[in-house]
Number of protein chains: 2
Amino acid sequence: MFKKVLIAEDHEIANISVQKTLEELGITENKYVYYCDHALSWIRNALRSGAPYELLITDLYFEDDHNEQQLSGGVELIKAVRELQPGLKVIVFSAENRPAIIDDLFKTLAIDGYVRKARRDAQHLKEALQAVCGHKTYLSPGLKQTGKGHNSHEFSSFDVTIISLLSQGILQKDIPYYLQQKGIKPSGLSSVEKRLNLMKEVLGFSKNEQLIAYCKDIGVI
Amino acid sequence: MFKKVLIAEDHEIANISVQKTLEELGITENKYVYYCDHALSWIRNALRSGAPYELLITDLYFEDDHNEQQLSGGVELIKAVRELQPGLKVIVFSAENRPAIIDDLFKTLAIDGYVRKARRDAQHLKEALQAVCGHKTYLSPGLKQTGKGHNSHEFSSFDVTIISLLSQGILQKDIPYYLQQKGIKPSGLSSVEKRLNLMKEVLGFSKNEQLIAYCKDIGVI
DNA sequence: ATTTTCCTTACGGGAAACCGTAATAGGATA
DNA sequence: TATCCTATTACGGTTTCCCGTAAGGAAAAT
């Protein structure tokens, strides 16, 4: 089992329980911080002193307060950690439940475990620690990886751009202009329409409003 | 200080910490439950046995699982409790931060304290316990301004119905039919358009897609 | 170089949304 | 009852969206 673990979690209540949970597993050499910047400092200092951390447990979203922070949240913290200590194991512990976002954590940031704050989260956290310690990955039960069912769609960056513009109130007929501004290659109105139609057809939708709601739900925008 | 307290909180991690926090204040005769229905049962039984609870600490939102529940969440639990034991003190402990909803708890359900799950929540919970014990009300710091910003909008159930229908792909021109089905009073297409225009004007939006995205963000649909 | 193929763009007719205005209904007041 | 006031509904013109078809253009294949 791990011996030296760093926990980044801004909620005091959650922080206390993670602490207690780790102690129950015999993990005692821990540091608990409430800010992302502090987490990075401790990782950097531990690395310099020759006794690096073995595991980082972090939340995704940290609330702003009077203390100005460089790192805005868990994603930026993990990115910074990856440059500093690429081998550090990372478990994300958050209430986020949108598959697209969680999936992206595994793919882009190569995290080792994701535990969702939910009914049995303390138990799940223990299971995650066991799994990650054995160099396996862990995902909370009930969170299916975006295994694309019959009606799901892999959103390209082009798709996301179009949907974002729509959700910002840009008229569909004006989207080509914005695409040209950004130098995005297919910029014709027909291409935009074609892509929107494809997305809606795959997902069984008929209106843009449905598409926006769906994308908000799964977290692609 | 209180002696007999009931805690209803589905997240194991949060539940553990509340437990520890109460123990630090010397409150030892507590019961911790993970479902609203269980909470109501324990309150009812304690009342019958002549040793009623003095305080209920409850979350607002409970996640559904395989156990079918009568009470859907904290609001329904508090309503049921009010009929059973009107004098019971109630502290709500939730991540909810929308002033309109929190205000409604104090006004409609006459709760005694609201502690938001945030950075210093364990400390705030202790403060709330002190305050409510002294028959005062408590509200987490940083939530005191109920003044709605210049561009915000209080969504009526009519608004939510319209927006829900749109997000389900119903054509705007077909919404009157659905409103009549449900027996909702203003059902004309012009009334729908008027209401949509009002919402968009207040929020500074121009398209329905923006409105859908906004409502998803703030959680009204 | 020519043809084929695929992708992008352009065009046009019909449906829906948008927006201002007018007609109607229901309730309150006198 | 008559009148006023408000809210709801109905209507028409314009814009935007929707969708099928056709034209243009680049890359690959022959």
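These numbers come from a predicted model, not from an experiment.
Atom pair A:Phe158:CZ and C:dC7:C1' shows a separation of 12 Å (rounding to whole Å applied). C:dA16 atom P lies 8 Å from atom NZ of A:Lys207, rounded to whole Å. Atom CG in B:Leu196 sits roughly 15 Å away from atom P in C:dG20 (whole-Å rounding).
The salt bridge (Lys or Arg N to Asp or Glu O under 4.0 Å) analysis of residues 157-178 of chain B, with sequence neighbours excluded, yields the pairs B:Asp159-B:Arg195. Pairs of residues two or more places apart, or lying in two chains, that qualify as salt bridge (Lys or Arg N to Asp or Glu O under 4.0 Å) and include a residue from residues 196-221 of chain A are A:Lys216-B:Asp217, A:Asp217-B:Lys216.
For B:Asp10, there are no side-chain hydrogen bond (donor to acceptor under 3.5 Å, both in side chains) partners at least two apart in sequence or on another chain. For A:Asp59, the salt bridge (charged side-chain N to carboxylate O under 4.0 Å, His left out) criterion is met by A:Lys117, not counting sequence neighbours. Evaluation of the side chain to side chain contact (heavy atoms under 4.5 Å, CB included) rule for A:Glu193 yields A:Gln172, A:Leu189, A:Ser190 as partners, not counting sequence neighbours. Judged as a side chain to side chain contact (heavy atoms under 4.5 Å, CB included), and not counting sequence neighbours, the contacts of A:Arg98 are A:Tyr61, A:Glu96, A:Ile101. For B:Asp37, the salt bridge (charged side-chain N to carboxylate O under 4.0 Å, His left out) criterion is met by no residue, not counting sequence neighbours. Applying the salt bridge (charged side-chain N to carboxylate O under 4.0 Å, His left out) criterion to A:Lys79, with sequence neighbours excluded, gives no partner residue. Under the salt bridge (charged side-chain N to carboxylate O under 4.0 Å, His left out) criterion, B:Glu127 pairs with no residue at all, not counting sequence neighbours.
Interface limits on DNA chain D: the 5'-most and 3'-most nucleotides within less than 4.0 Å of chain A heavy atoms are D:dT16 to D:dC19.
Between B:Asn197 and C:dA17 there is no side-chain N or O to OP1 or OP2 distance below 4.0 Å.
Taking five base pairs at each end of the helix from C:dA1-D:dT30 to C:dA30-D:dT1, the local helix axes there meet at an angle of 10°, rounded to 10°.
Salt-bridge check for A:Arg116 with B:Glu63: passed, with a basic side-chain N closer than 4.0 Å to an acidic carboxylate O.
A heavy-atom distance below 4.0 Å to DNA chain D is reached by these residues of residues 170-194 of chain A, ordered by number: A:Leu171, A:Gln172, A:Lys173, A:Glu193.
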